[in-house]
There are 2 protein chains.
Amino acid sequence: MQVGEHGAMQEAILETIRQLPHFSGLAESTLRRLADASRILRPATGSLIIHEGEPCRAFFAVRQGAVRVFRVTPDGRMQILHRLGPGRSFAEAAVLNMSSYPASAEAIEDGTEVVEIGAATFLALFDTDRSMARIMLTSLCCWLRDLVSRVEELSVLSAGARLARHLLDLPARETDEGLEIVFPTSKKEIAERLGITPETLSRQLRRWQDREVIISKRDRVVLLKPDTLLTIAAES
Amino acid sequence: MQVGEHGAMQEAILETIRQLPHFSGLAESTLRRLADASRILRPATGSLIIHEGEPCRAFFAVRQGAVRVFRVTPDGRMQILHRLGPGRSFAEAAVLNMSSYPASAEAIEDGTEVVEIGAATFLALFDTDRSMARIMLTSLCCWLRDLVSRVEELSVLSAGARLARHLLDLPARETDEGLEIVFPTSKKEIAERLGITPETLSRQLRRWQDREVIISKRDRVVLLKPDTLLTIAAES
DNA sequence: CGTCATATTGATGGGCATCAATATATGTGG
DNA sequence: CCACATATATTGATGCCCATCAATATGACG
């Protein structure tokens, strides 16, 4: 393997593990060490990435495609435990316990790419760097809090209320008209995050614009009456 | 305070912190040490539990009632960051960072009870007991995985598909009729967990019973055709 | 300027909540 | 043991929110 390619691969690995909830917040130097202990696997569809019962040497982050984690029941049937897409990881618990893999995993899409993070290096870093555990815990706590909120919101709140909350959470800038929010991502992604369709998002913004609660431009909104949005966010 | 009362209070504290995602899995002895460093607060509605900017001495778990975490914006308006109910915790990140509180928190219901877990003791334990960090991380990883799945399911799957998945996840027992599942909680709670109403749950079970996929009794179901449920769980 | 992804707007239908009534369990005190 | 009260489940009728499908519009970019 050439040096250039190696560097590019390191970048690709870095990009992937930096976005893991477990690692977000870690120092760049720590991330690089982890990346050095990692490599990218491109398992063929249907081929096993880890085998249940084997001693665990690594954990994994999905870059592309999809992976399913499963066990084989005593009577020989496959029980699927999880399906994982890009950005998800698996087998961290096995690494932390230094146990053997409690399940198997296989790629289930063509072109699946998985980052393999070596257990030994990870654990060595973890035990050496005292701040690492704290940073990881801090990050996971924040994610956990966020996800719990989202579960509650998805199961209780209407699409409008969820959107109102989301708008109020976004960083805003004072202007002479009102609070201006520039969308950090496409509306498609915002809709996906809120568990609604882009159409519903569009319509909701339109409705609020007609009621003169907001001004909706292509990639930004101006909140004319934040209090009205607060009310909407609180109810139903 | 009397010894008997003290013991009862310790039990109450233990019960609360044992259910925190962060601590589930910790050894009983560790939990007891944490409980010894904790006490129960009963803040009056509207009274502050923590003050933004103060050095952090503890983090907290809500036992009863509700708490809101907020900041005061430069222009004097209150920005609510979270509302927390029983079983939720806050200010863990501040403790892990050993920083000052980044926000304030107040009780917003009468009869609110909060467990205060001393930062010094927690950090001392954390730094002494090498397994503690791993156990906490393991537990949080599992919660994270579970929550991510639930968010995905809530935002894309139908009520029927979510229920089918849940049934297949529940512990089952082989009988001569099929897989028997005894509900561990009331149907009301199951419905709540799945983000549906009890009525919808009832109707869905009825529909499957009419199609002879399951037999639905009061507090249990028998899966006659698990494969059909698997199909339902996979689609829409 | 044509191509493509993203956004908006309209029409339609279904899933699921809501409201309401009944039935079944669980528990309480006479 | 029964009558009563309360919580939980079931079942029905109704309506609305929101997804879906489809068409158009608007921008981004080569």
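Each chain gets a letter, A, B and so on, in the order the sequences are listed, and its residues count up from 1. In this text the structure is predicted, and so the values were computed from the model without any measurement.
- Of all nucleotides listed (C:dT9, D:dT11, C:dA17), D:dT11 comes nearest to the side chain of B:R206.
- The CG atom of B:L154 sits 14 Å away from the C1' atom of C:dC16 (whole-angstrom rounding).
- D:dC16 atom P lies 21 Å from atom CD1 of A:I196, rounded to whole Å.
- Comparing atom distances between the B:T200 side chain and each of D:dA9, C:dC16, C:dT6 picks out C:dC16 as nearest.
- As rounded to whole Å, 8 Å separates atom P of C:dA7 from atom CD1 of A:I190.
- Residue contacts for A:L201: at a heavy-atom cut-off of 4.0 Å it reaches no nucleic acid atom on any strand shown.
- Rounded to a whole Å, the CG atom of A:D219 is 15 Å from the C1' atom of C:dT8.
- Listed here is the closest heavy atom pair of A:S38 and A:V115: CB-CG1, 4.0 Å.
- Distance, B:Q204 CD to C:dA17 P: 11 Å, rounded to whole Å.
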Could you list, one pair per line, each protein nitrogen or oxygen that sits under 3.5 Å from a nitrogen or oxygen of nucleotides 11-15 of chain C, together with the distance?
none

The contact string for nucleotides 22-27 of chain D, one letter per nucleotide 5' to 3', using protein heavy atoms under 4.0 Å with B, S and - for base, sugar-phosphate only and none, comes out as ----SS
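- Going from atom CZ of A:F183 over to atom C1' of C:dT6 covers 14 Å, rounded to whole Å.
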